[in-house]
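Have a look at the structure below before the remarks.
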Amino acid sequence: MKKFTWITVFLMGALVAVSAAAAGDFDGTRPLLVSVLRVVECTPDGACRQVSPESVELPQFMKIDFANKTIGPAAADDDRPGTPIERQEVVDGKLILQGAEDGYDKMRDGLGWTIAISAETGQVVLTASGDEVAFVVFGAALPL
């Protein structure tokens, strides 16, 4: 019985330590790799459809660099510029990041975006809206 008690105490302690370490992974202090899992595009007529990341010029993998306050493609050979993180706050167990992107020169394609990252699981939901279009992107983050 004593052996079982010590093993239980050890396992519970290890679980608490792992949970505490994992909780710090998504608090905005460590860079993150985000995998884009699903992209949904919606238009004012109420139509929504799943699209590929490539069709909306979104990289499959993004790097969130909190030190430089930027989000950009994770691939070293992807030369698309990153976008600045203008606001960062923790709300109800989620790390919230916000910003705006101007898009291409001489085109009315700018949009505002918000990313919510679960501090517990690393699940990511990105929403972005512009003129006559909105996007919802689901993904998952890993600390780098």
Side-chain angles (χ1 to χ4, degrees), residues 4-105 107-144:
F4 177 73
T5 302
W6 283 108
I7 290 173
T8 303
V9 169
F10 174 77
L11 290 175
M12 292 301 288
L15 181 61
V16 168
V18 168
S19 296
D25 287 345
F26 308 108
D27 64 0
T29 59
R30 296 178 63 186
L32 299 175
L33 176 67
V34 176
S35 173
V36 174
L37 302 175
R38 185 175 186 181
V39 180
V40 178
E41 178 181 50
C42 299
T43 53
D45 62 3
C48 294
R49 63 188 178 105
Q50 186 169 335
V51 297
S52 70
E54 297 82 22
S55 71
V56 294
E57 298 186 27
L58 189 65
Q60 182 68 51
F61 295 97
M62 296 182 290
K63 180 181 178 185
I64 301 177
D65 182 346
F66 293 104
N68 293 313
K69 296 190 176 284
T70 59
I71 301 173
D77 63 344
D78 192 331
D79 61 353
R80 287 180 279 188
T83 187
I85 299 169
E86 296 174 13
R87 185 162 188 254
Q88 177 177 328
E89 183 176 349
V90 175
V91 177
D92 292 335
K94 293 176 289 298
L95 177 60
I96 307 294
L97 309 174
Q98 293 180 314
E101 183 64 41
D102 186 28
Y104 294 108
D105 287 339
M107 287 185 69
R108 192 176 165 99
D109 61 346
L111 52 80
W113 55 266
T114 298
I115 298 175
I117 304 169
S118 169
E120 185 178 322
T121 65
Q123 294 298 305
V124 174
V125 178
L126 179 154
T127 56
S129 60
D131 284 344
E132 310 241 350
V133 68
F135 300 95
V136 180
V137 179
F138 299 93
L142 289 173
L144 294 174

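What you see below is based on every heavy atom in this structure, not just the backbone, and it leaves out hydrogens, waters and symmetry mates. We're numbering straight along the sequence, starting at 1.
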Residue Asp45 excluded, over 12 heavy atoms near CG under 6.0 Å: yes
Does the side chain of Gln60 come within less than 4.5 Å of Glu54's, by heavy atoms? yes
In sequence, state the C-alpha distance, the side-chain angles, and the governing distance for Glu41 and Arg49, and then conclude on side-chain contact (heavy atoms from CB on, under 4.5 Å). CA-CA 6 Å; Glu41 178 181 50; Arg49 63 188 178 105; 2.9 Å; yes
What heavy-atom pair brings Leu33 and Ala74 nearest, and what distance separates the two atoms? CD1-CB, 3.5 Å
List the atom of Ala100, the atom of Trp113, and the distance in Å for their closest heavy-atom pair. N-NE1, 3.5 Å
Tightest non-hydrogen contact, residues Ala116 and Ile96, listed as CB-CD1, 3.7 Å
Within this structure, what is the OG1-CG distance for the pair Thr114 and Leu97, rounded to the nearest 0.5 Å? 9.0 Å
Between OG on residue Ser35 and CZ on residue Phe138, distance to nearest 0.5 Å: 14.0 Å
Enclosure of Arg80 CZ (heavy-atom neighbours >12, cutoff 6.0 Å): yes
Minimum heavy-atom distance Val36-Pro59, with the two atoms named: CG2-O, 3.4 Å
Does Ile117 reach the side chain of Ile64, with side-chain heavy atoms less than 4.5 Å apart? yes
Between the CD1 atom in Ile85 and the CD atom in Gln98, the distance rounded to the nearest 0.5 Å is 11.0 Å
Are side-chain heavy atoms of Phe66 and Thr29 found at a separation under 4.5 Å? no
Could you tell me whether Glu132 atom CD has more than 12 heavy atoms of other residues or ligands within 6.0 Å of it? no
Given side chains that start at C-beta, do those of Ile71 and Ile115 come closer than 4.5 Å, heavy atoms only? yes
For the CG atom of Leu142 and the CG atom of Leu32, what is their distance to the nearest 0.5 Å? 8.5 Å
Testing the basics here: between Val40 and Cys48, what is the closest heavy-atom pair and its distance to 0.1 Å? CG1-CB, 4.0 Å
If I compare all heavy atoms of Gly28 with all of Leu95, which pair ends up nearest, and what's the gap? N-CD2, 3.5 Å
So among Asp79, Leu58, Asp78, which one has a side-chain contact (heavy atoms from CB on, under 4.5 Å) with Pro73? Asp78
Heavy atoms, side chains only, cut-off 4.5 Å: are Gln88 and Lys69 in contact? yes
Quick one: OG1 on Thr127 to CG on Leu111, what's the gap to the nearest 0.5 Å? 10.0 Å
Taking atom NZ of Lys94 as the centre, report whether more than 12 heavy atoms of other residues, nucleotides or ligands fall under 6.0 Å from it. yes
